[in-house]
Amino acid sequence: MLALDKSSWKYEIICKSEVAIDDASKQSITIEVDNPRLWSAEKPNLYDLEIWVYNNQKLQEIVTQKIGIRKFLIEDNIMKINNERIVFK
């Protein structure tokens with residue numbers, strides 16, 4: 001039998017937000033994350049995103065997804081991730 005000691009697990013709440021959603025089939029949500037650990041191929045930092053969906057104050061669904069936070073841009077015809085040039089080989 002394998003027992004897991006949850007007291008040693010580390011949880012980090014990056015942000016918590018409540019958003020009211022109307023009857024639209026799609027909703028966009030923007031959240032601010034202070035000093036995120038950015039994702040790159042060399043450092044694939046991932047976060048566990050957890051969304052709790054309520055209807056009339058009753059929990060309907062919990063959706064979880066691993067996500068990476070990164071900045072992608074094209075500057076002077078150069079593709080960059082997290083302000084670092086992307087080199088294709």
Side-chain angles (χ1 to χ4, degrees):
M1 178 175 171
L2 176 64
L4 298 176
D5 179 10
K6 292 184 180 180
S7 66
S8 65
W9 293 5
K10 293 184 180 178
Y11 295 94
E12 183 178 7
I13 297 176
I14 302 300
C15 97
K16 185 176 180 180
S17 179
E18 289 186 23
V19 177
I21 299 176
D22 59 20
D23 291 333
S25 61
K26 292 185 179 183
Q27 183 74 31
S28 176
I29 300 170
T30 301
I31 58 173
E32 297 282 330
V33 178
D34 293 328
N35 303 312
R37 293 182 311 272
L38 299 178
W39 179 95
S40 70
E42 294 79 23
K43 294 182 181 178
N45 295 306
L46 294 175
Y47 290 89
D48 292 309
L49 174 67
E50 188 171 275
I51 299 173
W52 293 34
V53 180
Y54 287 87
N55 186 16
N56 295 324
Q57 299 180 340
K58 183 177 178 187
L59 182 63
Q60 299 294 310
E61 182 177 9
I62 298 174
V63 180
T64 59
Q65 179 70 47
K66 290 215 179 278
I67 64 167
I69 299 173
R70 67 184 179 274
K71 177 182 176 184
F72 175 82
L73 66 111
I74 297 176
E75 185 176 67
D76 299 324
N77 290 324
I78 298 172
M79 288 191 290
K80 296 181 178 183
I81 291 183
N82 305 329
N83 296 321
E84 297 289 326
R85 181 181 183 159
I86 301 171
V87 178
F88 295 97
K89 296 181 180 186

To check you understand the geometry: which heavy-atom pair defines the closest contact between N82 and R70, and what is its length? OD1-CA, 3.4 Å

Would you say K80 and I74 make side-chain contact, with heavy atoms under 4.5 Å? no

Check whether [X] and [Y] end up in the same hydrophobic cluster, where Ile, Leu, Val, Met, Phe, Trp and Tyr are linked by side-chain heavy atoms less than 4.5 Å apart.
X: I51; Y: V33; value: yes
X: F72; Y: V87; value: no
X: L38; Y: I86; value: no

Could you check whether any side-chain N or O of N45 sits under 3.5 Å from a backbone N or O of W39, counting only pairs where one atom can act as donor and the other as acceptor? no

Spatial distance of atom [atom1] ([X]) from atom [atom2] ([Y]) [nearest 0.5 Å]:
X: E84; Y: I78; atom1: CD; atom2: CD1; result: 12.0 Å
X: N55; Y: Q57; atom1: CG; atom2: CD; result: 10.5 Å
X: Y47; Y: I69; atom1: OH; atom2: CD1; result: 5.0 Å
X: I62; Y: Y54; atom1: CD1; atom2: OH; result: 7.0 Å
X: K66; Y: L46; atom1: NZ; atom2: CG; result: 6.5 Å

What pairs with K43 under salt bridge (charged side-chain N to carboxylate O under 4.0 Å, His left out), at least two apart in sequence or on another chain? none

